[in-house]
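Please read the structure below before turning to the comments.
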Amino acid sequence: MNKKEISEIKKQFTPANCAITRIRGCYVDGEKNKKTEVKEAFLSLSEEEMFKYFEIFRKTLSGTLGKNLINMEFPLEQEKEGGNQHFLMKLRESKLKDDALTEAFFDKVIENYDYAENYYIILIHAVYDIPGKASDGQEMFDASDEIYDHILCSICPVNLTKAGLCYNAETNNIEDRIRDWIVEMPDLGFLFPVFNDRSTDIHGVLYYTKNAEQLRSSFVDEILGCTTPLSAGGQRDSFNALVEETLGDDCAYDTVMNIHGKLNELVEAQKELPDPVVLTKSEVKRLFEDCGVEETKLESFDEQYEMAAGEKSSLMAANITNTRRVEIKTPDVVIHVNPERADLVETRNIDGRRCLVIPMEDNVEVNGIHVRMSTGKDAETEAE
């Protein structure tokens, strides 16, 4: 799913567009005991409850593609009888009316969701009547010929509100506030099936994680049956290792800056497109070639790539470069530079030492204090 498709589904989580048919919930304590369950037709909830749930569901489809939101494909064996995708298909087809199936799902989540405190599992079924689109992109609500039948799961931590004082309007007094258990925004969740090319794709799932560096591989493996991809940080670390291994002793400052400059150009050129920039193994190799990496250095590139990132892994450009700043780090000094002005930082030999040189003219601050930079003429005057 791309940004436009995700946005289209998120728009259904409003009172005017609501396509949710049923909601099931299971509140679990820190000892993994089921404390209470919810089983309702969604439209039977109060308006206030609906709004709170809508906020949770929209959050489950929020974040950055490739970091918080990850498209995953099911291995073929998971689509056979007994596979995880097959189980999710049955759950969807039941429209959450089959108690045994729903309980089995809750049990699987409780067994494989590693969380030591209270949480609330929310599962909804929805049917979106996909409007057709005219050639100019306008939606034609009377031209629908397909429905998107799907389920969404959100797993939310439940925590006590903070202790404090409050104003009691009934007694007109300041009192100790009663602490309540609050359902917070989701820690993780998933949408199944995915909504690709504005159509149902039962071969994939969209996975959400609040913490982009904690993908919870056991949950992905046991509940979805998919292969856990590299996290955003994992992709960055793998790419960095690949650059160092490929260049070896020739891992020069200028070459690395050139690689990141071209990556930033790729991201910037396609930032308005709904799909993020994804680099395959061959595209990363071509990037290195374009940045002047010698052919002899690329002879074992395929092997090095597979060792660093995995045989069939792709790298998202936004995960392996920082378009907002370049960080230059030594053991004692860290410099942050706007990527568009990275050319201001030069390397020079000064008195036999390799140095980074940064022009310092106007608007220089030291700990927030504006300072005036002495010119060569000023220095001569001071010496006299």
Sub-6.0 Å ring centroid separation between Tyr148 and Phe195 = yes

Is a side-chain donor or acceptor of Tyr207 paired with a backbone partner of Leu224 at a separation under 3.5 angstrom?
-> no

Check whether the ring centres of Tyr305 and Phe239 lie less than 6.0 Å apart, and answer yes or no.
-> no

Salt-bridged, Asp187 to Lys59, with N to O below 4.0 Å?
-> no

Any side-chain heavy atom of Leu188 sitting closer than 4.5 Å to one from Lys210?
-> no

For the side chain of Ser314 and the backbone of Val278, is there at least one donor-acceptor N/O pair under 3.5 Å apart?
-> no

Can a donor-acceptor pair be found between the side chains of Ser46 and Glu49 at a distance below 3.5 Å?
-> yes

Between Asp250 and Lys297, is there a salt bridge with N-O shorter than 4.0 Å?
-> yes

Side-chain donor-acceptor pair under 3.5 Å between Ser313 and Lys281, yes or no?
-> no

Could you walk me through whether Met185 and Glu55 pass side chain to side chain contact (heavy atoms under 4.5 Å, CB included), step by step?
-> CA-CA 8 Å; Met185 289 296 103; Glu55 188 178 1; 4.1 Å; yes

Can the positive tip of Lys108 be found less than 6.0 Å from the middle of the six-membered ring of Phe87, inside 45° of the ring normal?
-> yes

Is there a donor-acceptor pair closer than 3.5 Å between any side-chain N or O of Asn258 and the backbone N or O of Asp254?
-> no

Would you tell me whether Ser199 and Glu146 have side-chain atoms, one donor and one acceptor, within less than 3.5 Å of each other?
-> yes

State, without any angle test, whether Thr321 and Asn264 hold a side-chain donor-acceptor pair at a distance under 3.5 Å.
-> yes

Asp29/Lys34 ion pair, N-O < 4.0 Å = no

Rounded distance [0.5 Å steps], CD in Glu327 versus CG in Asn322 = 8.5 Å

Ion pair Arg198/Glu8, N-O distance below 4.0 Å | yes

Verify the distance criterion only: is there a donor paired with an acceptor across the side chains of Tyr167 and Asn172 at less than 3.5 Å?
-> yes

Examine the side chains of Thr171 and Glu175 and answer whether a donor and an acceptor come within less than 3.5 Å of each other.
-> yes

May I ask you to check whether Phe288 and Phe301 place their ring centres under 6.0 Å from each other?
-> yes

Cut-off 3.5 Å, side chains only: do His336 and Arg325 have a donor facing an acceptor?
-> yes

What is the ring orientation for Phe57 with Phe54, classed by angle as parallel under 30°, tilted 30 to 60°, or perpendicular over 60°?
-> perpendicular

Would you tell me whether Glu222 and Ser218 have side-chain atoms, one donor and one acceptor, within less than 3.5 Å of each other?
-> no

Does the side chain of Thr347 come under 3.5 Å of the side chain of Arg354 through a donor N or O and an acceptor N or O?
-> yes

Distance-only polar pair, side chains of Glu73 and His203, donor-acceptor under 3.5 Å | no

Short side-chain to backbone donor-acceptor contact, Thr14 and Lys11, under 3.5 Å | yes

